[in-house]
Amino acid sequence: MVHPTEENIEEYDFIIKKIAEYVSDRNTEFSQISYDTAHYALLDSMGCALLALRYPEANKHLGPIIPGTIVPHHSSVNVPGTQYELDPVRGAWNITTLIRWLDYNDTFLAKEFGHPSDNFGAILSAAQYYNKQIDGKRDGKKYNVKDVLHFAIKAYEIQGQLSIDNSLNRLGIDHVFFVKLASTAVVTMMLGGNKEQVEAAISNAIVDNGPLRTYRHFPNTGERKSWAAADAASRAVNFAMMHSKGERGYPSVVTTKTWGYQDVVLKGQTFAIERPLGSYIMENVLFKISYPAEFHGQTAVEMAIQIHHYLKENNKNISDVDKLTINTHEAAIRIIDKKGPLTNYADRDHCMQYMVAVGLLFGRLVADDYSDHFAKTNPQIDELRERIVMVESKTYSTDYLDPEKRSQASDLQVQFKDGSVSPVFKSEFPIGHRLRRKEGIPLLVEKFQKNVETRFPSAQRKSILNLCLNKEELFNTEINEFMKLWVI
């Protein structure tokens with residue numbers, strides 16, 4: 001076999017070269033705010049993973065593919081909140097499944113939508129595996145938590161910048177393709193791959209493309225949307241391990257006429273990243289702090305809960321409501337405006353009307369509110385959904401894509417049966433937005449603490465919180481030690 005070298009490989013497509021050069025530069029320096037945000041992103045991701053362990057449907061996807069498989073300790077990866085020790089490919093699947101399961105991890109929204117913390121499963125698995133592989137080797141530098149955050153900043157940047165310039169959802173392709181591409185690039189470098197090997201790995205991820213996003217939409221909405229990112233992350237680690245051994249790449253996979261990505265998938269559009277790659281995405285990531293809900297509905301839910309209290313204060317109740325109008329942006333209407341029966345958890349947590357109805361009726365929205373039992377025992381939710389109307393605001397749609405704002409604006413107004421109307425309740429930025437960091441970070445830490453409490457006994461919980469909230473000590477913690485801390 002002829003392995004790729006600088007002498008025998010043709011030049012890779014521009015977008016592949018751009019990503020590979022960014023990833024392979026080990027001297028990249030990032031802002032303090034990007035590391036601070038990455039710190040909170042890691043904590044939030046770990047907390048989301050622990051919370052997901054409460055749900056049997058998530059647990060059935062965990063463990064080795066063949067029950068009872070034992071992976072040698074020197075090559076194994078720990079799955080947080082469990083006793084599983086798995087190979088790094090399966091470890092990436094398990095960790096990412098847990099992080100993503102409840103749709104409660106962070107988000108970045110542009111032409112494409114996505115959850116950049118989906119990359120943590122691949123990065124954590126690769127980092128622990130790498131450290132174990134170099135154990136005892138002279139001059140072998142092990143990765144610590146700050147290194148993992150550095151890699152996360154790069155993965156977030158690749159996925160997010162791809163999302164700014166390219167829309168997969170309009171082509172029916174799911175956004176987890178960008179997770180696979182970002183994690184493949186970063187993890188190949190983490191495992192010792194050089195720039196040419198990173199390029200080759202990226203090309204193979206592009207050959208893979210992404211899955212159809214039909215499982216996110218009526219009538220096929222299902223739980224695959226909760227493990228689709230895990231599939232992408234595990235594929236990424238697999239590609240990285242192959243290419244660290246010299247697997248060949250496909251240099252013109254993007255631009256080749258007829259058979260290339262641009263012609264086959266993008267229908268002739270250019271596959272591009274226009275902006276310089278830095279740390280913009282991490283600095284502007286959106287945290288899901290208050291509600292486990294698809295992010296396009298976050299401000300609407302926040303306002304629905306305010307209306308819940310308004311009704312109480314004005315001696316009104318749901319039976320007085322004739323219509324509730326939601327003015328919002330085009331992406332929200334296209335993705336989560338759902339009418340008709342909702343058949344499962346995945347259907348409900350991607351329905352704006354359902355989320356808003358729960359907020360209006362109960363003054364809250366928690367993960368259990370999407371369960372079959374809760375929906376069946378509260379028929380007033382579907383009754384209220386029928387009275388909710390969604391309308392696009394062109395201004396909100398424009399601001400949604402504005403790189404200086406990236407707003408998530410919604411406004412809600414109730415029309416009562418007696419002909420009167422409520423005030424307009426409006427929010428442009430959800431509490432997890434960059435412009436509300438001062439307000440949001442203390443609540444994000446509180447969310448993390450509560451999630452840790454769902455899984456561990458007091459002594460272990462105290463050890464985890466003491467380390468994770470001491471930034472200097474955490475950043476210097478070797479990643480294998482960090483991962484062992486989460487073993488139940």
Side-chain angles (χ1 to χ4, degrees), residues 48 50-61 98 100-104 215-227 288-298 300-326 332 335-390 410 412 414 416-417 422 425 447 450-451 453-455:
C48 289
L50 298 178
L51 187 63
L53 286 164
R54 295 177 54 217
Y55 294 85
E57 290 301 306
N59 280 271
K60 78 179 185 183
H61 292 284
L98 291 174
R100 186 74 198 102
W101 191 261
L102 295 175
D103 203 356
Y104 211 1
Y215 47 79
R216 299 186 188 274
H217 300 278
F218 178 83
N220 292 308
T221 312
E223 66 182 33
R224 179 166 179 157
K225 74 180 186 62
S226 297
W227 57 257
K288 290 186 181 179
I289 297 175
S290 300
Y291 319 109
E294 207 281 344
F295 210 94
H296 293 105
Q298 292 277 320
V301 173
E302 187 177 351
M303 294 302 98
I305 291 172
Q306 288 191 21
I307 294 174
H308 169 85
H309 296 298
Y310 168 83
L311 295 179
K312 279 190 171 183
E313 292 164 3
N314 288 272
N315 298 314
K316 293 183 179 293
N317 56 51
I318 294 300
S319 63
D320 297 319
V321 175
D322 182 53
K323 181 172 73 171
L324 173 65
T325 300
I326 304 174
I335 301 300
I336 54 174
D337 179 7
K338 286 187 181 178
K339 300 174 177 65
L342 302 174
T343 59
N344 54 48
Y345 186 112
D347 232 357
R348 297 180 196 108
D349 80 350
H350 271 55
C351 173
M352 173 83 93
Q353 292 91 332
Y354 186 92
M355 295 186 285
V356 166
V358 172
L360 201 60
L361 286 163
F362 302 99
R364 61 141 208 270
L365 182 64
V366 297
D368 289 342
D369 294 338
Y370 299 119
S371 70
D372 291 345
H373 174 75
F374 184 81
K376 288 175 182 176
T377 55
N378 290 282
Q380 67 271 35
I381 297 173
D382 282 341
E383 293 168 8
L384 183 54
R385 283 176 58 216
E386 296 300 317
R387 288 176 267 165
I388 297 175
V389 177
M390 293 179 63
S410 296
L412 282 64
V414 176
F416 296 103
K417 291 177 180 177
S422 73
F425 290 79
K447 172 190 170 186
K450 288 179 178 178
N451 287 341
E453 289 170 3
T454 67
R455 193 64 181 170

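Distance alone, capped at 3.5 Å, places no donor-acceptor pair between the Y370 side chain and the A375 backbone. Of the possible donor and acceptor atoms, one in the side chain of Q353 sits under 3.5 Å from a partner among the backbone N and O of K338. K447 places no side-chain N or O within donor-acceptor distance of the main-chain N or O of S290, the cut-off being under 3.5 Å. Of the possible donor and acceptor atoms, none in the side chain of E223 sits under 3.5 Å from a partner among the backbone N and O of E57. Side chain of R387 to main chain of K323: no donor-acceptor pair is present (N/O by atom type, distance under 3.5 Å, no hydrogens or angles). Proximity of a side-chain donor or acceptor of N59 to a complementary backbone N or O of L53 within less than 3.5 Å is detected.
At least one side-chain heavy atom of D103 sits less than 4.5 Å from a side-chain heavy atom of K288. Counting heavy atoms from C-beta on, the side chains of V356 and I388 come closer than 4.5 Å. The shortest side-chain heavy-atom distance between M352 and M390 falls under the 4.5 Å cut-off. A 4.5 Å side-chain heavy-atom check between Y291 and I305 finds at least one atom pair inside the cut-off. Side-chain contact between L98 and Y55 is absent, with no heavy-atom pair separated by less than 4.5 Å. The side-chain heavy atoms of N378 and L361, taken from C-beta on, include no pair separated by under 4.5 Å. Residues F425 and E302 fail the side-chain proximity criterion, which asks for heavy atoms closer than 4.5 Å. Looking only at side-chain heavy atoms (C-beta outward), I336 and E294 come within less than 4.5 Å of each other.
For K450, the side-chain hydrogen bond (donor to acceptor under 3.5 Å, both in side chains) test picks out E446, with sequence neighbours left out. For D322, the side-chain hydrogen bond (donor to acceptor under 3.5 Å, both in side chains) test picks out no residue, with sequence neighbours left out. Residues passing the salt bridge (charged side-chain N to carboxylate O under 4.0 Å, His left out) test with R385 are D382, sequence neighbours excluded. With sequence neighbours excluded, no residue satisfies side-chain hydrogen bond (donor to acceptor under 3.5 Å, both in side chains) with N451. A search for salt bridge (charged side-chain N to carboxylate O under 4.0 Å, His left out) contacts involving D320 returns nothing, not counting sequence neighbours.
Ring geometry, H61 versus W101: the interplanar angle falls from 30° to 60°, so the pair is classed tilted.
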When you look at V321 and K417, which way does the side-chain contact (heavy atoms from CB on, under 4.5 Å) test go after all the steps? CA-CA 6 Å; V321 175; K417 291 177 180 177; over 6 Å; no
Check against side-chain contact (heavy atoms from CB on, under 4.5 Å), K225 and H350: CA-CA 10 Å; K225 74 180 186 62; H350 271 55; 3.4 Å; yes
Under the side-chain contact (heavy atoms from CB on, under 4.5 Å) rule, what do L342 and Y354 come out as? Steps first, then yes or no, please. CA-CA 9 Å; L342 302 174; Y354 186 92; 3.8 Å; yes
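To the nearest 0.5 Å, atom CG of residue L51 and atom CD of residue E453 are 12.0 Å apart.
D347 and R216 are not joined by a salt bridge, as no carboxylate oxygen comes within less than 4.0 angstrom of a charged side-chain nitrogen.
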Can I get a per-line list of side-chain donor-acceptor pairs under 3.5 Å for residues 308-319, giving both atom names and the distance, sequence neighbours left out?
from	atom 1	to	atom 2	distance (Å)
H308	ND1	L360	O	2.9
N314	ND2	Y310	O	2.8
N317	OD1	S319	N	3.0
N317	OD1	S319	OG	2.3

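Checked against the 6.0 Å centroid criterion, the rings of F362 and F374 qualify as a close aromatic pair.
Residue V358 comes nearest to R364 through the heavy atom pair CG1-O, 3.4 Å, listed as atom of the first residue, atom of the second, then distance.
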